[in-house]
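Take a look at the structure set out below.
Start at 1 and go down the list; that is how both ligands and their atoms are numbered. One is the number of the first residue; the rest follow in order along the sequence.
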Amino acid sequence: MPKIKYIEYSGQEHEIDVAVGLTVMEGARDNAIPGIEADCGGACACSTCHVYVDEAWVDRLPAKDDMEIDMLDFAHEPDPQKSRLTCQLKVTEAFDGLIVRMPERQI
Ligand code: FES
């Protein structure tokens, strides 16, 4: 199972096995990791599942679609390269080792 490291804004790290087919958001939610709120439940309609992906991963993840790009405008301090909405990242084996950092706050 792919391992994903979630790093809270405080620096607290959580390394979690996330099943293929779940989203990165669901991996955090199912393990009660603070910092990803996911108010809309994964419908790409709230931006409260925003994270910064580790620089090494920016080009290794599937590209953002237009809906994710638009919704990221509403996130807290989005970064043009590193910001992603975790509900739009469906986990595959290729996600093993992914590192994501939570923003200071969601919206
Ligand atoms: Fe609402 Fe991702 S959970 S946009």
**Prompt:** To the nearest 0.1 Å, how far is atom 4 (S) of ligand 1 from its closest protein heavy atom, and which atom is that?
**Reply:**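 I find the closest protein heavy atom is Ser47 N, 3.3 Å.
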**Prompt:** Does Cys49 put an N, O or S atom under 2.8 Å from atom 1 (Fe) of ligand 1?
**Reply:** no
**Message:** Please find the pair of heavy atoms, one from Cys40 and one from Ala45, that lie closest to each other, and give the distance.
**Reply:** SG-N, 3.4 Å
**Closest approach of His50 to His76 (non-hydrogen atoms, all atoms of both residues)** =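 Between these two residues, the closest heavy atoms are CE1-O, 3.2 Å.
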**Complete:** Under 4.0 Å from one or more heavy atoms of Cys87, ligand 1 contributes atoms 2 (Fe), 3 (S), 4 (S)
**Prompt:** Which of the atoms of ligand 1 are close to Gly42, meaning less than 4.0 Å from one of its heavy atoms?
**Reply:**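 The atoms of ligand 1 under 4.0 Å from a heavy atom of Gly42 are 3 (S).
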**Message:** Salt bridge or not between Lys3 and Asp96? Use side-chain N to carboxylate O under 4.0 Å.
**Reply:**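 Looking at Lys3 and Asp96, the cut-off is not met.
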**Request:** Kindly say whether Ala38 contributes a backbone atom to a donor-acceptor pair with the side chain of Thr48 at under 3.5 angstrom?
**Result:**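 Yes; judged by distance alone, with no hydrogens or angles, the pair exists.
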**Prompt:** Between the side chain of Thr86 and the main-chain N/O of Val24, is any donor-acceptor distance below 3.5 Å?
**Reply:** no
**Asked** Of the backbone and side-chain N, O or S atoms of Cys40, does one lie nearer to atom 2 (Fe) of ligand 1 than 2.8 Å?
**Response** no
**Prompt:** Side chain, backbone, both or neither: which part of Cys44 has a heavy atom under 4.0 Å from ligand 1?
**Reply:** backbone
